[in-house]
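Here the structure is laid out as C-alpha cells; the discussion comes afterwards.
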Amino acid sequence: MEELQNEATRCLNCKTMPCHKACPLGNDIPSFIKAVKEGNLEEAYKILTKTTVLGAICGRVCPHFKQCMGSCVRGIKSEPINIGKLEAFVFDNALEKGYKLEKNSKLLGKKVAVIGGGPSGLTCSAFLAMNGAKVTIYEKQSKLGGITMYGIPDFRLPREVIEKTVNNILSLGIETKCNQELGKDYSLDEITKKYDAVYLSFGANVSAKMNIPGEDLNGVFGGNELLETGKHPDYRGKIVAVSGGGNVAMDAARTIKRMGAKKVYVIYRRAREQMPAEDYEVEEAMKEGVKFLFQNNILKILGNEKVEKLECIKTALVQREGETRLSPVNIEGSNYTIDMDYVVMAVGSKANKDVVEKTGLETTKYGNIKVDQKYMTSKEGVFAGGDLIGTKATVAWAARSGRNAAEEIMKYLI
Ligand code: SF4
C-alpha cells in the first residue's frame, strides 16, 4: 500500500489531463490517483466505476504505454506514473472488501439480452444493470470473460482476477445462460421476442489467414483458436513460427515456448518499433527465449501434407503517400528457407462468418456487423458492439463500446 501511495504522490494532478484523454474508457485518472494518494481507496473505486467495471483486468493487460502512461507528463523527464498498477490495486482492494457497484432504477422492468460475455458484453450488462435493467447474458462457453478468460494466458492475467471481476458484475442481479450458442441453441428472432432490447457482443475471434501457399497443411494453426481452446500439439523438441506482431502473437509465442518448444520464432513484416504489442511483452518474450525475425515475411509454407519448411523473404520499410505507418516491401532475391514443424497465424481476427450470417443482419465489407451511430444494427432494438463491429481489438476499446452501447440502449428503452 505504502509503495503505491508513494507512486500516487508523484502524480502532478495535471489540469489538462493528458492521461485521461489517452484512456479508451475516459477514466478520470487524476482524480482516482488523488484519492489513492489520500488513502481513500473506496472513493478511488467510486471514481473509476463511473467509467469502467473491468479495472482489475485493464490495469493488468491494457497496452498502457500506448495509452494513458504513454501520455503521462511525468514520463517526459522520468518514469510515467504506473497508472495500470494503481488501477488494478484499487479494483483488487474493492473486490476483496466487497464494495458494490451502485444501482439506480431508471430502467426498472426493462429486459435486455446480451449475447456474449466478454469485455464488451460484461461492460454493457453492468452499466444496464446499474441503471435497473434486468439483464441476461448468453454465453457459448462454460464461463464468462470472453477473450480475457479464453484468450489471454494465465501468466499475464490470473483466472482468479477474471472470476472475481465477473462475480462482482453478476452481483448486480444479472442472470447468465452459459453453454448457449447463437445460431445453434437459439436464434436471434427467438431472443428479440423475449426481450425489450438485445446487445450482440460475441466478438471476432476467428484467426485471419495470410492467404499464402501451404496454409492448409497439417501443423498450421490459428493463434486465437489455440489460445481459446487450449488444444495444442506436443511442441516438445519442435520448431514453431508465429506470424504476427500483436498481443495474440506474443501470447501464443510465450505459451508455446513455455510448453517446451525447442525454438519459437516470431516472424513480423515490420520493425520492432511498429509492433502493435507492448514493448515490455516483447522484452518478456525475448527473456523467455522467443526469437524475433523482424522485417521478415513468410512467402510459402512448404511440406508434403504437413509443415516442413518456410520460405521467407526479408523486407524493407517504405513510406507510401497517404499512409500513416511504414509499409513493408519484399527485398527481391533475399529469399531463404527455414526448417519448421508448426506455424501459428496471428495476423488478425475476424468475426465468425457462419454465426453472423445466421443473424440475418447487415454486415460491412469486412464481415463485421453494421451499426449506426447509436450502435443499432439493421434490426430495430438489436444493438452490437466490440470487435464484432470492428472496434480496435483491445479489452479497453471493447469495454468502451459496451458502455457506449449501454447508454444508447438506455435512451432507446426510456
Ligand atoms: Fe498524473 Fe501523469 Fe495524469 Fe499528469 S498525466 S495527472 S502526472 S497520471
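Order of appearance sets the numbers: ligands from 1, and atoms from 1 within every ligand.
Remark: among candidates Ser71, Cys11, Pro30, Gly75, the nearest residue to atom 1 (Fe) of ligand 1 is Cys11, based on non-hydrogen atoms.
Judged by the 6.0 Å and 45° rule, Lys111 forms a cation-pi pair with Tyr195. Remark: Arg258 qualifies as a cation-pi partner of Phe155 under the 6.0 Å distance and 45° angle criteria applied to the six-membered ring.
Taking the centre of each ring, Tyr342 and Tyr235 come in below the 6.0 Å mark.
In this model, a donor atom of one side chain and an acceptor atom of the other lie less than 3.5 Å apart for Tyr375 and Asn404. A donor and an acceptor atom, one from each side chain of Lys164 and Asn168, are nowhere located under 3.5 Å apart.
Metal site remark for atom 2 (Fe) of ligand 1: Cys14 contributes no N, O or S atom at a distance under 2.8 Å.
Close approach of ligand 1 to Val73 is summarised as follows: ligand atoms under 4.0 Å from at least one heavy atom of the residue are 2 (Fe), 5 (S). Residue contact check: Cys19 has heavy atoms under 4.0 Å from atoms 3 (Fe), 5 (S), 6 (S), 8 (S) of ligand 1. Near Pro18, with a cut-off below 4.0 Å to any heavy atom, the atoms of ligand 1 are 5 (S).
Looking at atom 7 (S) of ligand 1, its nearest protein heavy atom turns out to be Leu12 N, 3.3 Å.
The parts of Cys72 lying near ligand 1 are both backbone and side chain, judged by heavy-atom distances below 4.0 Å.
Taking the six-membered ring where the residue is Trp, Phe383 and Tyr412 present perpendicular rings, their angle passing 60° and hence far from 30°.
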